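In what follows, a single structure is set out as structure tokens and then discussed.
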Amino acid sequence: MKLIFEKSKPGRLGFQQPVSDVPVKATLPQKYVRQKEAALPEMSELDVVRHFTQLSQRNFSVDANFYPLGSCTMKYNPKFTEKVAALAGFAELHPLLPQLRSGEKYVQGALEVLYETEQWLCEITGMKAFTMQPLAGAHGELTGVMLIAAYHKAKGNKKKFIIIPDSSHGTNPASAAVAGYDIVSVPSNKEGGMDIVKLKAVLTDECAGLMITSPDTHGVFNSHITEIAELVHAVDGIMYYDGANLNATMGRCRPGDVGFDVVHLNLHKTFATPHGGGGPGAGPVGVGAKLENFLPISRVSKCVDGFFALKYDYQDSIGYIASFYGAFGVILKAYAYMLLLGKDGLKATSDHAVLNANYLMSRLKGVYRVAFDRICMHDCVFSADRQAERGVHAIDIAKFLIDRKIHPPTVYFPLTVKEAIMIEPTETESKETMDVFVEAMLEADALSQKDPEQFHSFPKTMPISRPDETKAAREMKVNFFAQNE
Amino acid sequence: MEIIEHYLYTKEHEWINIEENVGTVGITEYAQSSLGDITFADLPSVDKEVEQFEQLLSVESVKAASDIYAPISGRIIEVNDELTEDPGLINKHSYDKGWIVKIEISDMDETSNLLTGDEYRSYLETLERDDHQETEE
Amino acid sequence: MLATIGVKSVDDLFVDIKPQHAPKSFDLPVGLSEYEVMRKLTRLALKNSNELIPFIGGGYYDHYVPVACQALISRGEFYTAYTPYQPECAQGTLQALFEFQSSICALTDMDVANASVYEGGTALYEAMMMAIRITGRKKIVMDSGVSPIYRKLIKSYTHNLSFEFVETDVLHGQTDRVAIAKLLDKKTAAVILQNPNFFGTIDDHADIVEKAHAVGALVIESVYPIALGLLKTPGAMGVDIVTGEGQSLGLSLSFGGPYLGFMATRKKFIRQMPGRIVGETVDAQGRRCFVNTLQAREQHIRREKATSNICTNVALCATQAAIFMSLLGKSGLKTMAQLNLDKAEFARQEFSKIKGVEVKRSSPTFNEFTLALSKDANDVIEAMIKHGFAAGFPLGRYYKGMEKYLLVAVTEKRTKEEIMAYAKALAEVLK
């Protein structure tokens, strides 16, 4: 498909600006003025609409396709939350308004949303307070590790490293490193959980904390979690809960009750806000009493008369981690989702997510080697090593599924499993949809026995197939204009 | 897997070809094939002093980034500029045109820490055995 | 399904969660119907005020968003997709992001751009970290004309790291060249500037770039994309890294987010730029297509050695900005910038006639300017609210000694009538 710049025709206009109603035509001194107009496209509105509509049709999406991308929780995003976020009272609200004197009066509805969402998240996780500011999961991780650093600094602790299991998301070590810590990696045991013996071996007084995803990326809930927390706390380490997979345990276990001191949640996963092709997300961070004083500012507080105010007066705060109060539009959608589901709905969500994942695991495990043969939580991890011996790798199976109009599961992650295929159906999928997926997976296996060569031509039904990523990385064509000068 | 007998090797899959007091360094056939198509070599600057087994540079492929270590201590006297334009030389000609740096060796005794061609071949065999066992589990 | 799994009940699936792990409390309200939630939230929305006519900016502006922009972004194919891990079924997102990157490059006159970061503030922080990596130096010189919101954020992030920060004062509304020249040395990683700066003043930083480059330091400039419809580009000034807040490119104000951070730089620095980058390539049959590229810099491959911890970005907001820039186009953006300039200039002239107002302006401004008032700005703002105006931002909140200064923004949406009514109200308030 042509790029929009290649469709551009001089003089066309997609949007008519109003005629100026002021009797002034200002000019700037030449030295401040750009010499050449920016080469943006010149298109009619219809041409722009058609271009982007056609582009959208080149995407798979939850709205159109089963999307069992492991660890990403691609559940259905209720339509009405889009309308909520578009309400003028929220969408047109200027973020600096509450920073004017008596300005808070004019943003009471928005502050109430932030405050109430915080209350819900506290009750769901068992934490004492939340900051809604972090703008994504990784941003939440960075905030969390900054809180850990502030805690140790305040206590005069000399801490050097953070312990992270080898099954973690790459963002965990990257976030801890950005915040100034060294990383110590601990391998998983055969059941997929953290190896406690190996943890003990590296746990010294210099450990600032442990970052762990629960349930982890292997789809395993670690039954020894309270024991791990005791070990870490014994060296005054902080227990960090990566909430990427909270979707599995709502109403069944709260991180705050099993020893975690700080958590981040991914609203775009557990709380059904849309993923947007890769953001915007939101990654609020919750803390127990130990870390509360260090939370970023501002914080929303509720006065006795029910008035909501922004408070900045926290001396130990780590400061500002976002320009304002978080990805408000995203938080709003998550709040609407929680209101809709309520207590029972949230618990049912986790129950169904786990049921669906176990159903898929049971249906596929004779054919694909299951990485950890036990009951799983929200996702199940397989290895395509049997198929790989026939010359059909995880990526080939992924490409096969695309032709069936199914978005492939996550492949080659977690890094701990060879030829990994990580499947997370989420609670919003029906048995019928999952059965179609299972049939496709079984056919892929059958074909790998019969005619493995065929896989290299998949996908066949898409506008493109098997892009040359090496060429992309070597040539680095990332700007239309640079290559067309 | 091709191995050049008179080169010396490391367990991290670098090779070094020593002529007088200068060692030409690259990565082995095994290393390049496990990395896949190399898209970028972050070449160090000339005159930099390096220690044996210290990180020398990193190379990137589409799906991986990998550190390459100095097989020997010394001063870098030349880098293979052709890799800037064509990093794929490391894949195509790992033992000759795909060389990465030349090091003026400061301590020839360090060669005793390196593997001979034969030793490296046996080392690769142990790796392949381990690899096989893992998939059997 | 339970039979297939081989368990009797859903509870059996949770055997790993032992009784000692059970929640101590899970006391939440019962669920509501969609209608009830809509009603509740519509009421909350109404508790926010929309009657105040906004003359407030500070880096976040009330611009008109063409309806087509929102309509396109509301397509489920865009907003319910995820990160393009499988390029064959994500060419829509990938091409839109490639077009976004290209448009940002066109706007800023830079070689390469990434597919976005969270927002303008974190973009500036990432740019600073990039400069530190590139130069191997740790001293940062920052013009205090850079948004105080961004400066606070950067300081919070780097609190535990051993960087040296020096801030220079603003001189006659512009960057203080002499002060910066004195601070530049071989330890300086970067000079951080903003154009237009927080006071709304525009500048040409080419001379500073030249001096910084002479000592091997980089120059980072935070920009306002709408202003670039008219203003000299950072690329033309020789700036090394450009960042900005993309909210004004078709995103609603939405009480502070989600917003859009953009970053552009020179080709030689591309590997040090964080965030996703979309690149062009061909597929197995030679057809042009797009993929996430240079991923070996990123956390999912490098883990603790990555250039940043950023995972995904704000792809939907970037797509929205790409649509906005396509709708406005080459001349539309310029017309929009000119409208902003004209209306602000008109307002400035009108307000300067008011007794008790002095317009602080020794250098040209774009769509925002500073008024020196005869009274405390907070008092004036409070009184102006009663007249129905969000009159501007009190500079005293961030700058000592500027308690009587008001920062006023006038976008293309403000009408002549609104500007005149503001002038009338302000005259009354200052009486």
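Convention: sequence-line order gives letters A, B, ...; per-chain numbering from 1. Quick caveat: nothing in here was measured; it's all calculated off a predicted structure.
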What is the ring orientation for A:His275 with C:Tyr82, classed by angle as parallel under 30°, tilted 30 to 60°, or perpendicular over 60°? perpendicular
Could you tell me which portion of C:Leu52 (side chain, backbone, both or neither) has an atom closer than 4.5 angstrom to a non-hydrogen atom of chain A? side chain
Under 3.5 Å, is there a donor on one side chain and an acceptor on the other for A:Gln108 and A:Glu112? no
Would you say A:Gln17 and C:Thr335 are linked by a side-chain donor-acceptor pair, where the criterion is simply a distance under 3.5 Å? no
Engaged part of C:Asp379 at the chain A interface, taking heavy atoms whose separation is under 4.5 Å: both
Rounded at 0.5 Å granularity, tell me how far CG in C:Leu41 sits from CG in A:Leu332. 6.0 Å
Could you tell me which portion of A:His169 (side chain, backbone, both or neither) has an atom closer than 4.5 angstrom to a non-hydrogen atom of chain C? backbone
Neighbour count >12 (heavy atoms, 6.0 Å) for atom CZ, C:Arg287: yes
With a 4.5 angstrom heavy-atom cut-off, which part of A:Pro29 approaches chain C: side chain, backbone, both or neither? side chain
Honestly, the part of A:Met377 sitting under 4.5 Å from a heavy atom of chain C is side chain
If you tally heavy-atom pairs under 4.5 Å between each of C:Ser331, C:Gly6, C:Pro66 and chain A, the highest tally belongs to C:Pro66
Could you have a look at A:Ala64, A:Ala86, A:Ala149, A:Pro459 and say which one has the most heavy-atom pairs with chain C under 4.5 angstrom? A:Pro459
Could you look at A:Tyr359 and say if it's the side chain, the backbone, both or neither that has a heavy atom under 4.5 Å from chain C? both
Of the listed C:Lys18, C:Lys40, C:Lys152, the one with the largest count of heavy-atom pairs under 4.5 Å with chain A is C:Lys152
What part of A:Glu141 is in contact with chain C, defined as an atom under 4.5 angstrom from a non-hydrogen atom: side chain, backbone, both or neither? neither
Is A:Asn356 close to chain C through its backbone or its side chain, or both, or neither, when contacts mean heavy atoms under 4.5 Å? both
C:Val112 versus chain A, heavy atoms under 4.5 Å apart: side chain, backbone, both or neither? both
With a sphere of 6.0 Å drawn around NZ of C:Lys232, does it hold more than 12 non-hydrogen atoms of other residues, nucleotides or ligands? yes
A:Ala91, part contacting chain C, at a heavy-atom distance under 4.5 Å: both
For A:Leu69, is it the side chain, the backbone, both, or neither that has a heavy atom closer than 4.5 Å to a heavy atom of chain C? side chain
Below 30° counts as parallel, above 60° as perpendicular, anything between as tilted: where do the rings of C:Tyr259 and C:Tyr60 land? parallel
Check each atom of C:Leu339 against the heavy atoms of chain A and say whether the ones under 4.5 Å are side chain, backbone, both or neither. side chain
Can you tell which part of C:Leu231 gets under 4.5 Å to a heavy atom of chain A, answering side chain, backbone, both or neither? both
Check each atom of C:Ser74 against the heavy atoms of chain A and say whether the ones under 4.5 Å are side chain, backbone, both or neither. neither
Look at A:Asp63 together with C:Arg75 and state whether they make a salt bridge at an N to O cut-off of under 4.0 Å. no
So, the part of A:Glu123 with a heavy atom under 4.5 Å from chain C: the answer is both
What residue, out of C:Arg276, C:Lys267, C:Lys155, C:Arg397, has the most heavy-atom pairs lying under 4.5 Å from chain A? C:Arg397
Side chain from CB out, backbone as N, CA, C, O: work out which of these in A:Glu45 comes under 4.5 Å of a heavy atom of chain C, or both, or neither. both
Relative to chain C, which segment of A:Ala85 carries a heavy atom at a distance below 4.5 Å: side chain, backbone, both, or neither? neither
Testing the basics here: between C:Pro258 and C:Cys317, what is the closest heavy-atom pair and its distance to 0.1 Å? CB-SG, 4.2 Å
Under 4.5 Å to a heavy atom of chain A? For C:Thr122 that would be side chain
For each of C:Ser33, C:Gly229, C:Ala90, tally heavy-atom pairs with chain A at distances under 4.5 Å, and name the one with the top tally. C:Ala90
Under 4.5 Å from any heavy atom of chain A - which part of C:Ala96: both
Test side-chain contact (heavy atoms from CB on, under 4.5 Å) on C:Glu119 and C:Leu153; report intermediate values, then the result. CA-CA 12 Å; C:Glu119 48 140 283; C:Leu153 192 140; 4.3 Å; yes
Go through the atoms of C:Pro23 and report whether side chain, backbone, both or neither lie under 4.5 Å from a heavy atom of chain A. both
What part of C:Leu333 gets within 4.5 angstrom of chain A, counting heavy atoms only: side chain, backbone, both, or neither? side chain
Can you say whether A:Val49 sits under 4.5 Å from chain C via the side chain, the backbone, both, or neither, judging by heavy atoms? both
If one checks every heavy atom of C:Ser252 against chain A at 4.5 Å, the contacting part turns out to be both
Check whether C:Phe255 gets within reach of chain A through its side chain, its backbone, both or neither, counting any heavy atom under 4.5 Å. both
Check this for me, if you would: do C:Asp204 and A:Lys31 make a salt bridge, where the nitrogen-to-carboxylate-oxygen distance has to be below 4.0 angstrom? no
Residue among A:Gly276, A:Gly342, A:Gly319 with most heavy-atom pairs under 4.5 Å to chain C: A:Gly276
Heavy-atom pairs under 4.5 Å with chain A are the metric here; pick the option from C:Ser326, C:Cys105, C:Gly329 that has the most. C:Ser326
If we count only N and O atoms by modelled type, under 3.5 Å, do the side chains of A:Asn59 and C:Thr93 hold a donor and an acceptor together? yes
With a 4.5 angstrom heavy-atom cut-off, could you sort out which part of A:Ile318 is near chain C: side chain, backbone, both or neither? backbone
Can you tell me how the ring of A:Phe5 sits relative to the ring of A:Phe481, calling it parallel under 30°, perpendicular over 60° and tilted otherwise? perpendicular
Do you see a donor-acceptor pair shorter than 3.5 Å between the side chains of C:Asn378 and C:Glu382? no
Most contact-rich option vs chain A, by heavy-atom pairs under 4.5 angstrom, among C:Val291, C:Thr42, C:Leu341, C:Val30, is C:Leu341
Heavy-atom distances under 4.5 Å only: say whether A:Ala398 touches chain C with side chain, backbone, both or neither. side chain
Given that the side chain runs from C-beta out, which part of C:Ile56 has a heavy atom under 4.5 Å from chain A: side chain, backbone, both or neither? both
C:Lys343 versus chain A, the contacting section by heavy-atom distance below 4.5 Å: both
